[in-house]
Enquirer: 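Just passing along the structure, written as structure tokens.
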Amino acid sequence: MTFKRLVLIFVLTPIAVLLAVSALFGSWQEPQFQSRLELYQTNIALQAQAWQSEDSGDDNLQGIREAILGEQPLESATKQYQEARQSVQANLDKVNNKLAQLRSQSEITPTPPKPLPEVPPTAKTSKQGKQQLQQSLKQLQKLLAELDLRLGILQAQQGQTDTALKTWSELQQRSDINPEFGETAAVLSGLWSNPPRLLQNAQERIQKNLEGWFRSTALVQLYQLQQRQDALLAVKATQKETAAQAVLKLAVIGTIPTLAALIGLILLILLFAQRLLKGKASLLAQNADIPWSTPWDGETVLQVFIVGFFFMGQIFVPLVISVLPIPRPIIDVRLQAFSVLVSYLLVALGALLVLYFSLKPFFPLPEFWFRFRFQNNWFLWGLGGYCTALPIVVMVSLINQQLWQGQGGSNPLLQLALESQDGVALGIFFFTAAIAAPFFEEILFRGFLLPSLTRYLPVWGSIIISSLLFAIAHLSLSEILPLTALGIVLGVVYTRSRNLLAPMLLHSLWNSGTLLSLFVLGSN
């Protein structure tokens with residue numbers, strides 16, 4: 001065995017595995033992004049209620065409203081917020097328990113007789129873990145307080161005044177939150193009490209700590225009690241304007257994906273029916289059992305992914321960026337977007353260079369390797385694959401939500417894209433996610449990894465393993481199942497079409513749809 005192989009297999013690979021496992025378990029403490037998206041959508045549905053109150057005599061219009069908003073938007077929103085609160089409380093209890101365990105361990109650990117020259121790695125890890133837990137604790141406490149403020153308003157609007165007052169009272173009694181949330185809860189309690197109590201800073205607290213429908217609802221209650229008709233009319237006019245925009249947003253983020261998913265479901269039924277009737281002559285069976293001719297072995301695969309992908313992405317590029325004279329933390333959203341793009345391009349360039357030099361000794365490559373053909377039906381494969389991926393990934397995501405209960409982390413790019421309303425920043429995010437990522441990741445995972453695995457596994461096994469590694473590479477526990485499902489569809493599309501343009505199109509459509517939804521939700 002050569003020295004290069006020894007270093008690759010027994011040094012670099014274990015380091016990469018340990019760091020990846022550490023990153024995955026680190027994401028377990030982070031909130032899952034999907035939960036926040038659902039609350040954003042719920043808030044938009046609440047804003048759209050003002051649109052629901054007009055032209056109630058038109059049955060057709062009423063049917064459209066119910067299809068977009070649901071029959072009981074307030075009840076649905078209350079249930080959504082209660083579920084979110086339960087999830088946050090459960091995660092808060094877990095973090096508190098872990099912090100208590102760390103405190104007890106530190107109390108038991110004997111103090112060394114003299115200062116040590118260097119902090120042991122275990123102590124460093126423990127300290128970092130405690131800091132991460134404390135940060136998670138503060139975020140969860142803040143989120144729980146915000147949920148309670150909003151949940152109380154929902155309860156009050158449904159006539160459950162006593163329940164709302166109890167929700168706000170319990171919030172005021174908590175000592176682990178920012179005092180501003182307790183003061184805002186006192187303001188809301190006063191507005192809905194009988195008789196009402198008006199605090200001097202009521203309007204300021206409402207505008208500062210509430211948003212969207214919750215803010216306007218509290219202001220309406222305040223202005224009615226203060227008998228400020230001009231302010232009341234202005235808020236109600238704003239509500240109606242916002243309602244029309246909210247309905248359009250709900251139609252965009254709900255109708256288009258639903259139609260695509262319906263088409264995908266029909267396609268799935270037709271494809272499986274064709275597979276049963278036509279057997280190996282069906283589209284699903286096309287190229288299904290034909291492996292690639294692979295002249296290299298597993299060492300080359302390890303070299304590309306361990307050196308080219310993992311060390312470039314997790315060690316080398318972050319190290320290079322850390323020494324650049326860039327002010328930190330980066331606050332400007334355009335600089336954040338540009339930083340994400342530059343980092344990604346550097347990782348992609350490094351990995352592709354390692355891939356090129358690793359495969360150069362085997363040039364010319366056998367047929368079907370890294371195949372790009374604009375002449376055949378790659379577009380139909382990509383578009384059809386996108387539609388069929390929607391119902392599959394949605395179903396897996398619903399199961400995934402139940403498993404992780406709002407934890408498990410998410411891609412940080414999603415949060416940046418959601419909160420950014422800067423056109424230039426969104427354009428950079430779009431280029432990163434919808435163009436650069438599909439090109440690079442499909443070349444690496446579908447173009448190289450999947451075919452390489454067919455040297456040792458059947459095609460279906462190569463699709464599953466490459467999809468799992470594709471999901472793990474995103475380093476978020478909560479995304480492993482949905483991304484594996486997406487990777488399987490990408491693998492099926494590639495193995496059947498034998499054209500990298502097809503999975504690239506599917507991947508680009510998927511990321512573009514996600515970014516569009518984030519932009520619409522974030523523009524609330």
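Position 1 is the first residue of the sequence, and the numbers go up from there.
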Enquirer: Taking all heavy atoms of Leu359 and all of Leu365, pick out the closest pair and write down the distance.
Expert: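 Closest approach of Leu359 to Leu365: O-CD2, 4.4 Å.
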Enquirer: Would you say Ser466's side chain and Leu450's backbone share a donor-acceptor pair under 3.5 angstrom?
Expert: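 No; zero donor-acceptor contacts below 3.5 Å.
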Enquirer: Compute whether any side-chain donor of one residue and acceptor of the other, for Lys4 and Gln303, lie under 3.5 angstrom apart.
Expert: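 On atom types as modelled, these side chains qualify, holding a pair under 3.5 Å.
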Enquirer: Give a yes or no answer on whether the side chain of Asn499 reaches the backbone of Tyr494 with a donor-acceptor pair at less than 3.5 Å.
Expert: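 Pair absent, no side-chain N/O of Asn499 close to backbone of Tyr494.
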Enquirer: Just wondering, are more than 12 heavy atoms of other shown residues or ligands nearer than 6.0 Å to CZ in Phe362?
Expert: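 More than 12 within 6.0 Å, yes.
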Enquirer: Check whether any side-chain heavy atom of Glu211 sits under 4.5 Å from a side-chain heavy atom of Arg150, and report yes or no.
Expert: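 SC-SC contact between Glu211 and Arg150 confirmed.
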Enquirer: If we ignore hydrogens and angles and just use 3.5 Å, is the side chain of Thr454 paired with the main-chain N or O of Trp292 as donor and acceptor?
Expert: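 Yes, the answer is positive, given that a donor and an acceptor are paired below the 3.5 Å cut-off.
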Enquirer: Side-chain contact, heavy-atom cut-off 4.5 Å: Val301 with Phe448?
Expert: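 SC-SC contact between Val301 and Phe448 confirmed.
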Enquirer: Quick one: do Phe445 and Phe305 satisfy ring-ring contact (aromatic ring centres under 6.0 Å, His included)? Show the steps, please.
Expert: CA-CA 10 Å; Phe445 287 94; Phe305 274 88; 5.4 Å; yes
Enquirer: Looking at side-chain heavy atoms only, is the closest gap between Leu390 and Cys387 below 4.5 Å?
Expert: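 Heavy-atom side-chain distance check fails, nothing below 4.5 Å.
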Enquirer: Does anything in residues 434-453 form a salt bridge (charged side-chain N to carboxylate O under 4.0 Å, His left out)? List the pairs, not counting sequence neighbours.
Expert: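 Sorted result for residues 434-453: Glu442-Arg446.
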Enquirer: Minimum heavy-atom separation for Ala437 to His507, with atom names?
Expert: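 Minimum heavy-atom contact is O-CE1, 4.4 Å.
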Enquirer: Any sub-3.5 Å donor-acceptor pair from Thr13's side-chain atoms to Phe10's backbone N or O?
Expert: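 Looks like no, no N/O pair under 3.5 Å.
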Enquirer: Report the distance from atom OG of Ser462 to atom CG of Leu457, rounding to the nearest 0.5 Å.
Expert: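 Result: 4.5 Å between the selected atoms.
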Enquirer: Any chance you could measure Leu149, atom CG, to Leu154, atom CG, to the nearest 0.5 Å?
Expert: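 CG of Leu154 is found 11.5 Å from CG of Leu149.
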Enquirer: Rounded to the nearest 0.5 Å, what separation is found between the CD1 atom of Ile435 and the CZ atom of Phe430?
Expert: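 Separation between the atoms: 5.5 Å.
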Enquirer: How long is the gap from NZ on Lys94 to CG on Leu137, to the nearest 0.5 Å?
Expert: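 Rounded to the nearest 0.5 Å, the NZ-CG separation comes out at 14.5 Å.
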Enquirer: Output yes when a side-chain donor or acceptor of Asn400 lies under 3.5 Å from a complementary backbone atom of Val396, and no otherwise.
Expert: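 Judged by distance alone, no pair lies under 3.5 Å.
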Enquirer: Under the side chain to side chain contact (heavy atoms under 4.5 Å, CB included) rule, what do Ile290 and Arg498 come out as? Steps first, then yes or no, please.
Expert: CA-CA 10 Å; Ile290 303 176; Arg498 299 293 163 119; 3.8 Å; yes
Enquirer: Is any side-chain heavy atom of Met504 less than 4.5 Å from a side-chain heavy atom of Phe372?
Expert: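 The answer is yes; the side chains approach within 4.5 Å.
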Enquirer: Stepwise, does the side chain to side chain contact (heavy atoms under 4.5 Å, CB included) test hold for Leu444 with Val304?
Expert: CA-CA 9 Å; Leu444 204 63; Val304 170; 3.9 Å; yes
Enquirer: Would you confirm whether Asn511, through its side chain, and Ala433, through its main-chain N or O, come within 3.5 Å as a donor-acceptor pair?
Expert: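 Judged by distance alone, yes, a pair lies under 3.5 Å.
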Enquirer: Dump the intermediate steps for side chain to side chain contact (heavy atoms under 4.5 Å, CB included) on Ile428 and Val340, then the final yes or no.
Expert: CA-CA 9 Å; Ile428 297 172; Val340 169; over 6 Å; no
Enquirer: Please determine whether salt bridge (charged side-chain N to carboxylate O under 4.0 Å, His left out) holds for the pair Asp297 and Arg455, giving the CA-CA distance in whole Å, both sets of side-chain angles, and the decisive distance to 0.1 Å.
Expert: CA-CA 8 Å; Asp297 58 14; Arg455 174 169 175 161; 5.6 Å; no
Enquirer: Return the CG to OH distance between Leu147 and Tyr81, rounded to the nearest 0.5 Å.
Expert: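 If we round to the nearest 0.5 Å, Leu147:CG and Tyr81:OH are 6.5 Å apart.
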Enquirer: To the nearest 0.5 Å, tell me how far Leu469 CG sits from Leu449 CG.
Expert: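 Taking CG in Leu469 and CG in Leu449, the distance rounds to 6.0 Å.
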Enquirer: I want to check something: taking the side chain as every heavy atom from C-beta on, are Leu501 and Phe379 in contact at a cut-off of under 4.5 Å?
Expert: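 SC-SC contact between Leu501 and Phe379 ruled out.
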Enquirer: When you measure from the side chain of Thr300 to the backbone N and O of Trp296, does any donor-acceptor pair fall under 3.5 Å?
Expert: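 Pair absent, no side-chain N/O of Thr300 close to backbone of Trp296.
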Enquirer: For Trp369, is the CH2 atom crowded, meaning more than 12 foreign heavy atoms sit under 6.0 Å from it?
Expert: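 Yes, because the 6.0 Å sphere around CH2 of Trp369 holds more than 12 heavy atoms from other groups.
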Enquirer: Would Val17 and Val21 count as a side chain to side chain contact (heavy atoms under 4.5 Å, CB included) here? Give the steps.
Expert: CA-CA 6 Å; Val17 171; Val21 170; 4.2 Å; yes
Enquirer: Hey, does Ile177 have a side-chain heavy atom less than 4.5 Å from the side chain of Leu144?
Expert: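 The answer is no; the side chains never approach within 4.5 Å.
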Enquirer: Quick one: does any side-chain atom of Thr495 pair with a main-chain N or O of Gly491 as donor and acceptor, under 3.5 Å?
Expert: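 Looks like yes, one N/O pair under 3.5 Å.
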Enquirer: Where is the tightest heavy-atom contact between Leu475 and Gln314, given as atom of each residue plus distance?
Expert: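 Scanning both residues completely, I find the closest heavy atoms to be CD1-NE2, 3.3 Å.
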Enquirer: Of the non-hydrogen atoms in Ile392 and Ala485, which two are nearest, and what is the gap between them?
Expert: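 Of all heavy-atom pairs spanning Ile392 and Ala485, the closest is CG2-CB, 4.2 Å.
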Enquirer: If every non-hydrogen atom of Val320 is compared with every non-hydrogen atom of Val323, which pair is closest and at what distance?
Expert: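 Distance-wise, the nearest heavy atoms are O-CG2, 3.0 Å.
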Enquirer: Find out whether the Lys NZ or Arg CZ of Arg371 is both under 6.0 angstrom from the six-membered ring centre of Trp378 and within 45° of the ring's axis.
Expert: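 The answer is no, since Arg371 fails at least one limit relative to Trp378.
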Enquirer: If you define the side chain from C-beta out and look only at heavy atoms, does anything of Arg85 sit under 4.5 Å from Asp148?
Expert: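 Heavy-atom side-chain distance check passes, below 4.5 Å.
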Enquirer: Could you tell me whether the side chain of Ser508 and the main chain of Ala434 form a donor-acceptor pair under 3.5 Å?
Expert: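 Yes, the answer is positive, given that a donor and an acceptor are paired below the 3.5 Å cut-off.
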Enquirer: Over all heavy atoms of both residues, which pair between Ala502 and Ser497 is shortest? Give the atoms and the distance, please.
Expert: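 In terms of heavy atoms, the two residues are closest at CB-OG, 3.6 Å.
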Enquirer: For Phe272, I'd like to know if atom CZ has over 12 heavy atoms of other residues, nucleotides or ligands within 6.0 Å.
Expert: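 Counting neighbours around CZ of Phe272, 12 or fewer heavy atoms of other residues, nucleotides or ligands fall under 6.0 Å, so no.
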Enquirer: Looking only at side-chain N and O atoms, does Gln89 offer a donor or acceptor that is under 3.5 Å from a partner on Asp93?
Expert: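 There is such a pair between these side chains.
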Enquirer: In sequence, state the C-alpha distance, the side-chain angles, and the governing distance for Tyr356 and Phe363, and then conclude on ring-ring contact (aromatic ring centres under 6.0 Å, His included).
Expert: CA-CA 10 Å; Tyr356 172 78; Phe363 286 175; 5.7 Å; yes
Enquirer: Verify, without hydrogens or angle tests, whether Arg496 (side chain) and Val493 (backbone) share a donor-acceptor contact under 3.5 angstrom.
Expert: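 Side chain of Arg496 to backbone of Val493: no pair is present.
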Enquirer: Quick check: do Leu6 and Val11 have side-chain heavy atoms less than 4.5 Å from each other?
Expert: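 Contact flag for Leu6/Val11 side chains = no.
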